[in-house]
Amino acid sequence: MRLLLVEDDDHVAAALSAVLARHGFQVVHARSGEEALQALLPDPDGVVPPFGVVLLDLGLPDQDGFEVCGKIRKRTGTPVIMVTARADVRSRIHGLNLGADDYVVKPYDTGELLARIHAVSRRHVFEESEGAAAEEVLTLGSVHIELPTRRVTVGGDAVQLTRKEFDLLALLAQRPGVVFRREQIISEVWRTSWEGTGRTLEVHVASLRSKLAMPALIETVRGVGYRLVAPAG
């Protein structure tokens with residue numbers, strides 16, 4: 001798999017590239033946000049370079065890493081993993097809202113990083129190979145979820161969701177009132193049983209509540225998981 005590593009520290013990049021190479025990755029190194037964006041441009045024949053994952057460090061010399069992530073997402077659906085020292089939930093939600101698929105907080109374990117890379121690449125391949133969604137629209141009060149088009153509206157206003165936010169909402173919305181265990185959600189939405197995904201689930205739930213402006217829509221069932229509470233009307 002080809003991987004785009006966006007890292008301005010040559011020593012860190014060299015060490016990480018060596019580890020990734022030992023695990024079968026072909027690493028392309030970009031030292032700045034602009035180099036990363038250039039690497040994702042189509043060639044003269046209009047072919048976009050095939051990268052399996054973009055590993056994006058947020059501490060770049062020329063542009064804010066969040067800004068780079070947003071630009072990358074406008075150009076390609078390639079999974080993006082943010083690497084950041086910012087461990088607060090707000091920063092993570094901001095990154096996910098911009099289209100990042102996952103994040104790794106420094107200092108990180110190399111095994112954890114490799115697991116996250118493999119997880120997001122598996123999920124991306126699965127989504128690309130999925131057939132058309134069932135022709136169905138879920139209506140929950142003022143919330144409308146169009147499964148074929150992956151479109152969500154609240155009171156007639158469109159709400160922009162990331163891939164995983166939509167998948168999570170659609171899963172819960174197909175069985176309102178039913179409690180989904182955390183392990184079940186992670187298995188069905190993230191296609192993995194890896195325990196490290198649990199924190200990502202919490203961040204996605206928080207982001208959904210914020211974007212839909214309906215904090216009570218998704219209820220936390222302490223020690224078990226989550227359920228969707230259908231709004232009145």
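Below, each value reflects all heavy atoms present in this structure, side chains not excepted, and no hydrogens, waters or symmetry copies.
- Taking all atoms of both residues into account, the shortest heavy-atom contact from Ile93 to Ala206 is CD1-CB, 3.8 Å.
- No continuous path of hydrophobic side-chain contacts links Val221 to Leu217 [ILVMFWY only; heavy atoms under 4.5 Å].
- A donor-acceptor distance shorter than 3.5 angstrom exists from the side chain of Arg150 to the backbone of Arg163, with no hydrogens or angles considered.
- Taken from CD in Gln63 to SG in Cys69, the straight-line distance is 12.0 Å, to the nearest 0.5 Å.
- Taking 4.5 Å as the limit, some side-chain heavy atom of Val28 sits within range of a side-chain heavy atom of Arg2.
- Following chains of ILVMFWY side-chain contacts shorter than 4.5 Å, one cannot reach Ile117 starting from Val12, and the two form parts of different hydrophobic clusters.
- Counting heavy atoms from C-beta on, the side chains of Val53 and Val120 come closer than 4.5 Å.
- The two residues Gly33 and Asp62 have their closest heavy-atom pair at N-OD1, 2.9 Å.
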Quiz prompt | Intermediate values then yes/no, side-chain contact (heavy atoms from CB on, under 4.5 Å), Ile81 and Asp101 | solution = CA-CA 6 Å; Ile81 300 178; Asp101 295 82; 5.7 Å; no

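- With 3.5 Å as the limit, one finds a donor-acceptor pair spanning the side chains of Glu165 and Ser207.
- Side-chain contact between His29 and Glu35 is absent, with no heavy atoms from C-beta onward closer than 4.5 Å.
- Closest of all the heavy-atom pairs between Pro176 and Ala173 is CD-O, 3.3 Å.
- Formation of a donor-acceptor pair under 3.5 Å by the Asp167 side chain with backbone atoms of Val189 is not found in this model.
- By the 4.5 Å heavy-atom criterion applied to side chains, Leu168 and Leu201 are counted as neighbours.
- A distance-only check finds no donor-acceptor pair linking the side chain of Lys211 to the backbone of Val159 [under 3.5 Å].
- Minimum heavy-atom separation, Leu138 to Ala170: CD1-O, 4.2 Å.
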Quiz item: Going through the distances and angles, do Leu55 and Val83 end up as a side-chain contact (heavy atoms from CB on, under 4.5 Å)?
Solution: CA-CA 7 Å; Leu55 192 58; Val83 180; 3.7 Å; yes

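- Rounded to the nearest 0.5 Å, atoms CG (Asp57) and CZ (Arg31) are 14.0 Å apart.
- Pairs engaging residues 213-227 under the side chain to side chain donor-acceptor pair (under 3.5 Å) rule: Arg209-Thr220, Glu219-Arg227 [sequence neighbours left out].
- Residue-environment remark: CD (Gln174) exceeds the threshold of 12 foreign heavy atoms within 6.0 Å.
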Practice problem: Output, in order, the C-alpha distance, side-chain angles, deciding distance and verdict of side-chain contact (heavy atoms from CB on, under 4.5 Å) for Met214 and Val143. | Solution: CA-CA 10 Å; Met214 303 177 74; Val143 181; 3.6 Å; yes

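- Shortest non-hydrogen contact noted between Glu136 and Pro148 is O-CD, 3.3 Å.
- When hydrophobic clusters are built by joining Ile, Leu, Val, Met, Phe, Trp and Tyr residues whose side-chain heavy atoms come closer than 4.5 Å, directly or via intermediates, Val205 is not grouped with Val229.
- Atom CG of Leu172 is separated from atom CD1 of Ile185 by 5.0 Å, given to the nearest 0.5 angstrom.
- Rounded to the nearest 0.5 angstrom, Leu41 CG and Gln38 CD are separated by 4.5 Å.
- Here the side chain of Arg181 pairs no donor or acceptor atom with the backbone of Val224 at under 3.5 angstrom.
- Note: the hydrophobic cluster containing Leu147 also contains Leu140 (ILVMFWY, side chain heavy atoms under 4.5 Å, direct or indirect links).
- Residues Leu37 and Ile72 form a side-chain contact, since some pair of their non-hydrogen atoms from C-beta on lies under 4.5 Å apart.
- At least one side-chain heavy atom of Leu169 sits less than 4.5 Å from a side-chain heavy atom of Leu228.
- Here Leu16 contributes atom CG and Asp9 contributes atom CG; the two are 11.0 Å apart, rounded to the nearest 0.5 Å.
- Put simply, Leu171 and Leu161 are part of the same group of oily side chains (I, L, V, M, F, W, Y) that touch within less than 4.5 Å, one to the next.
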Self-check item: Steps toward ring-ring contact (aromatic ring centres under 6.0 Å, His included) verdict (Phe166, His204)
Solution: CA-CA 10 Å; Phe166 180 89; His204 277 73; over 10 Å; no

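- Aromatic rings from Tyr103 and His94 are positioned such that their centres are separated by 6.0 Å or more.
- Phe51 CZ to Leu3 CG: the interatomic distance, rounded to the nearest 0.5 Å, is 8.5 Å.
- Looking only at side-chain heavy atoms (C-beta outward), Leu56 and Val68 come within less than 4.5 Å of each other.
- Nearest heavy-atom pair across Leu5 and Ser17 is CD2-OG, 3.6 Å.
- Side-chain polar atoms of Thr139 and His144 form a donor-acceptor pair below 3.5 angstrom.
- A salt bridge between Lys71 and Glu67 is present, with a side-chain N of the basic residue lying under 4.0 Å from a carboxylate O of the acidic one.
- In this structure, the side chains of Thr84 and Lys106 stay at 4.5 Å or more apart for every pair of heavy atoms.
- Not a single donor-acceptor pair under 3.5 Å links the side chain of Asp102 to the backbone N or O of Thr200.
- Using modelled atom types and a 3.5 Å distance limit, the side chains of Asn97 and Thr162 yield no donor-acceptor pair.
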